[in-house]
Amino acid sequence: MAKIFITRKIPEVGIKMLRDKGYEVDVSEKDGALTKEELIKALHKKKYDAILCLLTDIIDADVYDAAPSVKIFANYAVGFNNIDTEEAKKRGIVITNTPEVLTETVAEHTAAMILAVVARIAEGDRFTRAGKYDGWAPMLLLGMNLKGKTLGVVGAGRIGFVTANIMSAGFGMNIIYFDIKKNEKFEKKTKAEFRENIEDILREADIVTLHIPLLDSTRHLINEEKLKIMKPTAYLINSSRGAVIDESALVAALRKKQIAGAALDVYENEPKLADGLAELENVVLTPHIASATMETRGKMSEIAALNIIAFLKGNIPPNAV
Ligand code: GLV
Ligand code: GLV
């Protein structure tokens, strides 16, 4: 009977699917993410065949060494920058992710972040709760209209595509995008215009939204220099991975009002925030919850389980990366 370790409590549906197949499933009982040492210790306990891991687990050579019997790590996330895939490949270890199910959810959250920051929802909420509201005023917390404004999408993958679609169909925004290659389908559906380089996006867009994976080539893609290119009235939105932005440079740009504001769901050193970020009024901050709906987290659990089941049956898992 195959043995599976799940590194943290996830929605029951996937766990049940694995148990229903007769597999022995252990779920970490710690209330929180395992440290690497704790993970390695847990893996020493039994000869596991498969691991269902989370984006908070660093999966690298040390972990592979600790569990030589494990030939699949099913990541409960679409992003897999927490996993050393090169090393996995060398060792013939299969890595899977959970794409697609969370696309709409992350795009909806991104739209919510855009609305929250331009309409100053979070700021207005803090203001009102603090008892500062003393009557309607013509100049109170002025925001920005979206209709006719330009949304610059960096990364025209599934999430970028759906976000662009929501913002163009729902709010009448014009879309420009940058990606390593042109995407005809994206252009057709959203009337998006391609830009050859990210600088053009930063120069033209009223809102820049990032939908790229974290790679060596995308780390600090948005840095001090790039922030300088943005309009002083522009907003930066990030629901991808924190480290694609130099977060300290962003704090400096926001302080200087070099850009109008930002909305972030992910952080360079999460759960830590860059110094000064939390004190800024012109940012909306959410705690990496862009895919966190009941429906989607349940489906992610199912998909991670399906990948493990396929692998243990000797099939190619549907979401091998
Ligand atoms: C969440 O951030 C994911 O990559 O699924
Ligand atoms: C993820 O699903 C993406 O391609 O953006």
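Counting from 1, the numbers follow the sequence of the chain as shown.
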| field | Leu215 backbone acceptor or donor facing Thr218 side chain under 3.5 Å | value | yes
| Just by modelled atom types, is the Gly14 backbone N or O under 3.5 Å from a matching donor or acceptor in the Glu302 side chain? | no
| said: Regarding Thr110 and Ser239, do their side chains bring together a donor and an acceptor under 3.5 Å, going by distance alone? | reply: yes
| remark: Note: Met173 and Leu146 closest approach over all heavy atoms is CG-O, 3.4 Å
| message | Looking at Thr296 and Leu102, would you say the former's side chain and the latter's main chain have a donor-acceptor pair under 3.5 Å? | response | no
| message | Closer than 3.5 angstrom, by distance alone: can the side chain of Asn97 be matched with the main-chain N or O of Gly79 as a donor-acceptor pair? | response | no
| task | Decide yes or no for Leu280 and Val251: does some side-chain heavy atom of the first lie under 4.5 Å from some side-chain heavy atom of the second? | result | yes
| Validation row: Lys89, Thr85 side chains within 4.5 angstrom (heavy atoms) | no
| So is Lys185 actually on top of Phe161's ring, under 6.0 Å and inside 45° of the axis? | yes
| message | So Asn165 and Phe186, do their side chains get closer than 4.5 Å, heavy atoms only? | response | no
| request: Return each pair, listed once, that meets salt bridge (charged side-chain N to carboxylate O under 4.0 Å, His left out) where at least one residue sits in residues 161-178; pairs must be two or more places apart or across chains. | output: none
| task | Report yes if the side chains of Pro232 and Lys257 come closer than 4.5 Å at any heavy-atom pair, otherwise no. | result | no
| query | Can you list every pair that meets salt bridge (charged side-chain N to carboxylate O under 4.0 Å, His left out) and has a residue in residues 281-298, with sequence neighbours left out? | reply | Arg126-Glu281
| Passing candidate, side-chain contact (heavy atoms from CB on, under 4.5 Å) with Leu264, options Thr286, Ile245, Leu273, Val284 | Ile245
| With sequence neighbours left out, what residues match Lys30 under salt bridge (charged side-chain N to carboxylate O under 4.0 Å, His left out)? | Glu38
